[in-house]
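Step one of this worksheet: look at the structure below.
Throughout, protein chains are lettered first and strands after them, A, B, ... in sequence-line order, and every chain is numbered starting at 1.
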2 protein chains.
Amino acid sequence: MKNNVNHEKNDKHEQILRAAIKTFARKGFYNTRISDIAKEANVADGTIYLYFRNKDILLVSLFEESMNQIIHMVQERLAEIDDPIEQLRTFIKFHFELIKKDKFLAEVISVELRQSNKFIKEYKNIKFKEYLNIISGIIRNAQAKGLVAKHLMPGILKRMVFGALDELTLIWVLAGDSKYSIEKLSSDATEVLMNGIAIKK
Amino acid sequence: MKNNVNHEKNDKHEQILRAAIKTFARKGFYNTRISDIAKEANVADGTIYLYFRNKDILLVSLFEESMNQIIHMVQERLAEIDDPIEQLRTFIKFHFELIKKDKFLAEVISVELRQSNKFIKEYKNIKFKEYLNIISGIIRNAQAKGLVAKHLMPGILKRMVFGALDELTLIWVLAGDSKYSIEKLSSDATEVLMNGIAIKK
DNA sequence: CAATATTGAATGAATCGTCATTCATTTTGA
DNA sequence: TCAAAATGAATGACGATTCATTCAATATTG
């Protein structure tokens, strides 16, 4: 069974990233030791430096690669929809599907993104901005069609939407939670945000 | 005798806390050295340990004491108002007044609270929960008066409100005041949240 | 085909700088 | 005068990063 592992999932890069996500989620970036990640990934400490320049870059790569995938997926879903109001509804739905699918990643993004954005110099955070701009894009379209009041600024609304969703993400990933189901979070969030943003007909 | 709380008018205690807020805001908790705070406060490194058991406790004290004051102030303001809808409006207004008044503190709370909540074991975060429960309290009253739909859960709404406000706080403290004024943030936030939560008459 | 050489991925112990915290000493002020 | 407050140099622990070495896979040779 040890013949040729090269065709197997011996992708160390991926293996280390997954271990990092899991460990950062459990202990937080600053309380995680490289040796913790190495142990979780079943590689030597030094191996991590063959794939990532340093600890900061490991976190940044994690964000970048994840956001890339997420952006791609959500764009795909939105492309099928014409009505901006329906797009916004879908965006919210999609958000909760994502956090359900990868709880550890959701936790790392929710808890560590602010810090890293502010304190890791290498990180310009383009991908995250791109993600937020999907929301403001939808809102601009809605405004053009008279579905959202024109005096509300898309740059502010996108942050409110993200902030609300992100805070709900947090209670779900931290509490584990028997208290609120993803479905209830999703439906309450959708109702409040749609009512708040779209013009009532 | 020397260490904790109730020597209200202790100059150094306050002096160190202010320096800590300023320094944490600039460099983040984990990138701040005790010696940085000492320098900012014009005291010796060791002096800080006469007032705070360790670095973690310094951050926790900062949260607790600030939240105490904030809770007290907001309760006072809300007490003058009967209508829960007006209370919610006032809560939002008050939030932005606060961040305008103490930008550094707003930044520290917004950026560091999640981390500390999750990773500092000593910290049970009672005060922050109390703050959030002011919001859910208002919403429960509104529901009792038929002003907010009963099927929306106050525990979810309080988080959405806080999340939205917190995210707007973040763009203001990080970007400086250039792009959006506090007043515009406040008015857009109020409009969206009130429309989202209150039943349209 | 076997023997040998080359390659580069992986290892993990050792290094080295960085602080949080301590405490012997000094300063303050009642 | 002396207890409390303040100081800041010294300590000790920790942990990111390095790099000499190992090892397995593949290539070369005769």
Side-chain angles (χ1 to χ4, degrees), chain A residues 1-24 26-62 108 112 115-116 119-123, chain B residues 1-24 26-62 108 112 115-116 119-123:
Chain A
M1 244 328 195
K2 54 190 314 196
N3 278 346
N4 198 348
V5 259
N6 276 345
H7 290 295
E8 304 274 322
K9 23 196 138 193
N10 193 28
D11 187 355
K12 287 270 158 66
H13 182 92
E14 186 62 20
Q15 194 177 328
I16 291 166
L17 273 187
R18 286 311 309 174
I21 289 170
K22 195 168 173 187
T23 314
F24 289 156
R26 183 164 63 249
K27 312 181 65 171
F29 177 74
Y30 288 103
N31 295 309
T32 292
R33 309 294 137 235
I34 288 293
S35 58
D36 296 335
I37 299 171
K39 186 147 39 136
E40 178 71 39
N42 293 310
V43 299
D45 295 10
T47 304
I48 290 176
Y49 290 87
L50 299 176
Y51 292 87
F52 303 94
R53 190 154 56 270
N54 57 41
K55 194 184 166 191
D56 285 359
I57 293 292
L58 177 51
L59 183 63
V60 167
S61 304
L62 185 165
V108 174
E112 308 291 343
Q115 301 271 347
S116 61
F119 301 117
I120 298 182
K121 322 122 268 331
E122 293 95 337
Y123 194 26
Chain B
M1 201 193 261
K2 52 200 161 184
N3 245 359
N4 257 343
V5 257
N6 285 329
H7 286 174
E8 284 298 320
K9 262 303 150 192
N10 197 327
D11 213 18
K12 288 269 159 69
H13 181 93
E14 188 60 21
Q15 195 177 328
I16 292 166
L17 273 186
R18 286 311 309 175
I21 289 170
K22 196 169 173 186
T23 314
F24 289 155
R26 183 164 63 250
K27 312 181 65 172
F29 177 74
Y30 288 102
N31 296 308
T32 292
R33 310 294 136 236
I34 288 293
S35 59
D36 296 335
I37 299 171
K39 184 145 43 134
E40 177 72 38
N42 293 309
V43 299
D45 295 11
T47 305
I48 289 176
Y49 289 87
L50 300 175
Y51 293 88
F52 302 94
R53 189 154 56 269
N54 57 42
K55 195 186 168 192
D56 285 0
I57 293 291
L58 177 51
L59 182 63
V60 168
S61 304
L62 186 165
V108 174
E112 308 291 343
Q115 303 271 346
S116 61
F119 303 118
I120 298 182
K121 314 123 270 329
E122 294 95 337
Y123 194 25

Residue pair B:Tyr51, B:Leu17: steps toward the side chain to side chain contact (heavy atoms under 4.5 Å, CB included) verdict = CA-CA 10 Å; B:Tyr51 293 88; B:Leu17 273 186; over 6 Å; no
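- Residue B:Asn31 contributes atom CG, which lies 13 Å from atom C1' of C:dT18 at whole-angstrom precision.
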Would you mind building the protein contact string for nucleotides 20-30 of chain C? One character per nucleotide, 5' to 3', B for base within reach (heavy atoms under 4.0 Å), S for sugar-phosphate only, - for untouched.
-> SBB--------
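- In this structure, A:Phe24 and A:Leu62 have side chains that are in contact, with non-hydrogen atoms separated by less than 4.5 Å.
- Rounded to 10°, the angle separating the first-five-pair axis and the last-five-pair axis of the helix from C:dC1-D:dG30 to C:dA30-D:dT1 equals 10°.
- Sparse packing is recorded around NZ of B:Lys22, with 12 or fewer heavy atoms of other residues, nucleotides or ligands lying under 6.0 Å away.
- From B:Asp45, atom CG reaches atom CZ of B:Arg33 across 12.0 Å, with rounding to the nearest 0.5 Å.
- As a whole-Å value, the separation of A:Gln15 CD from C:dA10 P is 9 Å.
- Between the P atom of D:dA16 and the CD1 atom of A:Ile48 lies a distance of 10 Å, rounded to the nearest Å.
- Between B:Glu40 and B:Ile37, the closest side-chain pair of non-hydrogen atoms is not below 4.5 Å.
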Taking it one step at a time, do A:Leu59 and A:Val108 satisfy side chain to side chain contact (heavy atoms under 4.5 Å, CB included)?
-> CA-CA 9 Å; A:Leu59 183 63; A:Val108 174; 4.3 Å; yes
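- The nearest whole Å value for the distance from the OH atom in B:Tyr51 to the C1' atom in D:dA4 is 10 Å.
- Atoms CG (B:Leu50) and C1' (D:dG8) sit 12 Å apart, rounded to a whole Å.
- Rounding to the nearest 0.5 Å places CG of A:Asn54 at 12.0 Å from CD1 of A:Ile48.
- We find that CG of A:Asn42 is positioned 13 Å from P of C:dA10, with the value rounded to whole Å.
- Rounded to an integer number of Å, the gap from A:Asp36 CG to D:dG15 P is 8 Å.
- Across all their heavy atoms, B:Asp36 and B:Lys27 have their closest contact at OD2-NZ, 3.0 Å.
- A:Phe29 places a side-chain heavy atom less than 4.5 Å from the side chain of A:Asp56.
- Separating the NE2 atom of B:His13 from the C1' atom of D:dA6 is a distance of 17 Å, rounded to the nearest angstrom.
- Residue B:Lys12 places no side-chain N or O under 4.0 Å from the OP1 or OP2 atom of D:dA5.
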